[in-house]
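What's counted below: heavy atoms across the whole structure, side chains too, no hydrogens, waters or symmetry copies.
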Amino acid sequence: MPDDPNPARADRSGAPRIVIIGGGFAGATAAQALERRLRKADIHLVSAENHLTYNPLLPEVVGASVLPGHVVAPLRQMVHRARVHQVRVTAVDTTARRVHYDGGCESGSLGYDHLVLACGSSANLRMIPGMAEHALPLKTVGDALFLRNRVISRLEDAELTDNPTLRRWLKTFVVVGGGFSGVEVAGEISDFLTESGRWYSHSQLEPPRVVIVHGGPHLLPELPERLGRFTERKLARHGGVEVRLNSRSDAIDGRGVTLDNGSRIEAGTVVSTIGTAPSPLIEALPAEKQRGRLRVDADMSVPGLPGVWAIGDCAAVPNSYGDGAPCPPTAQFALRQGPQLAANIARRERGEPTRPFGYRPKGLMSAIGHNRAVARVWGINLSGFIPWLLWRGFYLLYIPTFARKARVYLEWNWAMFFPPDIAHLRFTRTVDERDDT
């Protein structure tokens with residue numbers, strides 16, 4: 001697309017141009033809501049990927065509970081009038097009101113009347129020495145597929161060797177972080193190792209080992225301590241997962257993890273579920289930050305930058321319910337911020353006062369393995385099979401597009417009765433291996 005001159009509104013029949021940067025939960029839902037509220041608006045959804053990734057299900061990709069293609073939804077299938085651009089945003093000129101981008105075949109820019117920043121956050125792989133080189137993050141579908149292949153490769157290698165020390169190292173997995181992502185991926189890996197063991201009989205001489213290293217006093221710090229303790233017991237009883245509480249990783253290398261108390265865990269695979277960093281785009285903006293997130297007013301507008309709004313993980317959106325503390329960077333809040341932002345932009349266009357964002361979360365849930373979950377719903381603590389059904393029902397409700405809902409539903413039911421897929425998927429191109437010399 002060539003440079004857009006951003007003509008005056010009068011030349012566009014008074015229709016505002018709205019540019020949304022980021023195709024995650026916040027950006028996609030904002031685009032959908034804007035289509036309904038401002039039917040004449042010129043809406044552009046700009047994202048480095050042409051799909052939304054349903055991150056809460058990435059651990060299930062690791063455990064082969066769902067296929068990777070079923071946890072993404074193409075943005076073009078989620079919107080109707082908005083134009084989708086798969087490009088990389090290189091700069092935002094808030095003075096000229098222009099967004100500059102680099103596309104696959106050409107660069108260009110877009111002018112805007114309203115700019116919605118929903119670009120999320122990046123993984124911080126520099127928190128611990130050696131993390132970037134030796135730990136595996138879990139932020140994208142590619143991360144989940146790579147980790148799934150790593151687990152299978154370790155099993156295949158353990159099946160080949162007769163060295164018990166090497167087998168134990170290959171079958172030891174350390175998960176750094178005991179929050180939702182850490183607990184869920186540890187449970188999925190443990191279940192996968194247990195259910196696939198029948199096909200790796202030789203390596204079963206050494207049982208698999210999954211260890212969670214968590215710096216807090218109990219798992220799932222977002223939930224009450226009682227549920228965190230319950231999670232620890234269930235993971236140990238059903239999955240054999242070890243939990244190291246009040247422990248921090250001092251260093252990670254190619255052989256394992258060194259903890260802050262001087263002890264060491266020798267492991268063939270280290271998974272990192274901690275650490276976020278602000279997007280470089282957010283860092284470059286001339287606006288006030290709050291712990292790496294953009295500070296925004298109660299209506300989600302960015303103070304000092306006319307026409308600029310921010311939602312999702314990149315914004316510290318104050319929640320009018322409660323003490324006004326910033327909303328946590330979770331999908332549950334992002335899904336509500338998008339429609340509320342669309343309503344405020346529509347009010348701004350009509351010359352009406354905007355409204356503060358407020359949302360009282362219904363609850364928090366986490367799967368901790370096959371048929372087990374913990375939850376706090378409407379102030380009630382739940383654990384076991386019932387919250388597991390609630391967890392699946394909640395996520396099924398919010399998975400984008402009916403086709404994805406149907407596929408995931410069928411796949412979940414399939415996984416309840418059939419063993420996991422242990423195929424190692426090698427994503428490499430065919431090359432000519434003949435030696436012509």
Checklist line | Evaluation steps, side-chain contact (heavy atoms from CB on, under 4.5 Å), between Phe25 and Arg336 | finding: CA-CA 9 Å; Phe25 288 110; Arg336 273 76 183 184; over 6 Å; no
Note to self: Quick check against the 3.5 Å criterion: does Trp169 have a side-chain atom that pairs as donor or acceptor with the backbone of Glu266?
What the structure shows: no
Margin query: Treating Ser47 as the side-chain partner and Glu49 as the backbone partner, does any N or O pair qualify as donor plus acceptor under 3.5 Å?
Written below: yes
Notebook entry, point to check: Is there a side-chain contact between Thr94 and Val92 (heavy atoms, below 4.5 Å)?
Noted result: yes
Notebook entry, point to check: So does Arg348 pair up with Asp299, basic N to acidic O under 4.0 Å?
Noted result: yes
Check: Is atom CZ of Arg248 surrounded by more than 12 heavy atoms (other residues, nucleotides or ligands) closer than 6.0 Å?
Finding: no
Next item on the list: Check whether any side-chain heavy atom of Lys289 sits under 4.5 Å from a side-chain heavy atom of Ile282, and report yes or no.
Entry: yes
Next item on the list: Only counting residues at least two apart or in another chain, list the ones meeting side chain to side chain donor-acceptor pair (under 3.5 Å) with Ser320.
Entry: none
Checklist line | Which atom of Gly120 lies closest to which atom of Asp313, heavy atoms considered | finding: CA-CB, 3.9 Å
Notebook entry, point to check: Between Thr194 (side chain) and Ser190 (backbone), is there a donor-acceptor pair under 3.5 Å?
Noted result: yes
Notebook entry, point to check: How about Glu188 and Ser65: does a side-chain donor come under 3.5 Å of a side-chain acceptor?
Noted result: yes
Item checked: Close side-chain approach of Phe192 to Ile152, heavy-atom, < 4.5 Å -> yes
Notebook entry, point to check: Considering the options Ile20, Ile18, Val116, which one meets the side-chain contact (heavy atoms from CB on, under 4.5 Å) requirement together with Leu45?
Noted result: Ile20
Note to self: In the structure I gave you, are the side-chain heavy atoms of Pro339 and Thr29 within less than 4.5 Å of one another anywhere?
What the structure shows: yes
Notebook entry, point to check: side-chain contact (heavy atoms from CB on, under 4.5 Å) between Ile274 and Met131: does it pass, once the steps are laid out?
Noted result: CA-CA 10 Å; Ile274 64 172; Met131 177 183 283; 4.1 Å; yes
Next item on the list: Just do the side-chain contact (heavy atoms from CB on, under 4.5 Å) check on Trp309 and Val296 with the steps written out, would you?
Entry: CA-CA 8 Å; Trp309 313 74; Val296 299; over 6 Å; no
Note to self: I'd like to know whether Arg244 forms a salt bridge (charged side-chain N to carboxylate O under 4.0 Å, His left out) with Asp260, so could you lay out the CA-CA distance, the side-chain angles of the two residues, the decisive distance to 0.1 Å, and finally the verdict.
What the structure shows: CA-CA 11 Å; Arg244 302 283 187 95; Asp260 56 357; over 6 Å; no
Check: Does Arg97 use its side chain to pair, donor to acceptor, with the backbone of Asp113 at less than 3.5 Å?
Finding: yes
Note to self: Here's a test for you: under side-chain contact (heavy atoms from CB on, under 4.5 Å), which of Ile212, Ile128, Val271 qualifies with Val176?
What the structure shows: Ile128
Next item on the list: Check whether any side-chain N or O of Arg293 sits under 3.5 Å from a backbone N or O of Pro278 as a donor-acceptor pair, and report yes or no.
Entry: no
Notebook entry, point to check: Does Asn344 use its side chain to pair, donor to acceptor, with the backbone of Arg355 at less than 3.5 Å?
Noted result: yes
Check: Is it true that a side-chain atom of Asp250 and a backbone atom of Thr258 form a donor plus acceptor pair closer than 3.5 Å?
Finding: no
Next item on the list: Taking all heavy atoms of Ala267 and all of Val174, pick out the closest pair and write down the distance.
Entry: CB-CG2, 3.6 Å
Next item on the list: Before giving the answer on salt bridge (charged side-chain N to carboxylate O under 4.0 Å, His left out), spell out for Glu411 and Lys405 the whole-Å C-alpha distance, their side-chain angles and the decisive distance to 0.1 Å.
Entry: CA-CA 10 Å; Glu411 200 163 358; Lys405 294 179 192 292; over 6 Å; no
Note to self: Quiz question: by atom type and distance under 3.5 Å, do the side chains of Gln337 and Tyr359 form a donor-acceptor pair?
What the structure shows: no
Item checked: Side-chain donor-acceptor pair present, Glu156, His424, cut-off under 3.5 Å -> no
Margin query: I'd like to know if Arg264 pairs up with Asp253 as an ion pair, taking the criterion as any Lys NZ or Arg NE/NH1/NH2 lying under 4.0 Å from an Asp or Glu carboxylate oxygen.
Written below: yes
Check: Step by step, would you call Val308 with Leu117 a side-chain contact (heavy atoms from CB on, under 4.5 Å)?
Finding: CA-CA 7 Å; Val308 179; Leu117 298 168; 3.8 Å; yes
Next item on the list: Would you check if the side chain of Arg154 reaches a backbone N or O of Thr269 as a donor-acceptor pair within less than 3.5 Å?
Entry: no
Without placing hydrogens or testing angles, list every side-chain donor-acceptor pair under 3.5 Å for residues 215-225, not counting sequence neighbours.
unit_1 : atom_1 : unit_2 : atom_2 : d
Glu225 : OE2    : Arg229 : NE     : 3.3
Glu225 : OE2    : Arg229 : NH2    : 3.2

Check: Is it the case that more than 12 heavy atoms not belonging to Arg350 sit under 6.0 Å from its CZ atom?
Finding: yes
Notebook entry, point to check: Considering all heavy atoms of both residues, which atom of Val213 and which atom of Ser247 are nearest to each other, and what is their separation?
Noted result: CG1-O, 3.6 Å
Notebook entry, point to check: For the side chain of Asn55 and the backbone of Lys139, is there at least one donor-acceptor N/O pair under 3.5 Å apart?
Noted result: yes
Next item on the list: Count the heavy atoms of every other residue, nucleotide or ligand shown that sit under 6.0 Å from CZ of Phe394, and state whether that count exceeds 12.
Entry: yes
Next item on the list: Mind listing the closest non-hydrogen atom pair of Ser109 and His100 along with its distance?
Entry: CB-ND1, 3.5 Å
Check: Taking side chain as C-beta onward, heavy atoms only, is Arg404 less than 4.5 Å from Pro74?
Finding: yes
Notebook entry, point to check: Looking at side-chain heavy atoms only, is the closest gap between Lys171 and Leu193 below 4.5 Å?
Noted result: no
Note to self: I'd like to check Leu364 versus Gln332 (side-chain heavy atoms, cut-off strictly below 4.5 Å). Are they in contact?
What the structure shows: yes
Notebook entry, point to check: Got Phe333 and Asn319 here, is their nearest side-chain heavy-atom distance under 4.5 Å?
Noted result: yes
Note to self: Is the ring pair Trp391/Trp412 parallel, tilted or perpendicular, if the boundaries are 30 and 60 degrees?
What the structure shows: tilted
Check: Any ion pair linking Arg81 and Glu35 (charged N to carboxylate O, less than 4.0 Å)?
Finding: no
Notebook entry, point to check: Which heavy-atom pair separates Arg148 from Ala64 by the least distance, and what is that distance?
Noted result: NE-CB, 3.7 Å
Next item on the list: Only pairs at least two apart or in different chains count here, so list each ring-ring contact (aromatic ring centres under 6.0 Å, His included) that has a residue in residues 254-285.
Entry: none
Margin query: Could you report the tightest heavy-atom contact between Pro137 and Leu125, atom names first, then the distance?
Written below: CB-CD2, 4.1 Å
Note to self: I'd like to know if Arg392 and Glu60 make a salt bridge, using a cut-off of under 4.0 Å between side-chain N and carboxylate O.
What the structure shows: yes
Note to self: Keeping Ser263 on the side-chain end and Leu259 on the backbone end, is there a donor-acceptor pair under 3.5 Å?
What the structure shows: no
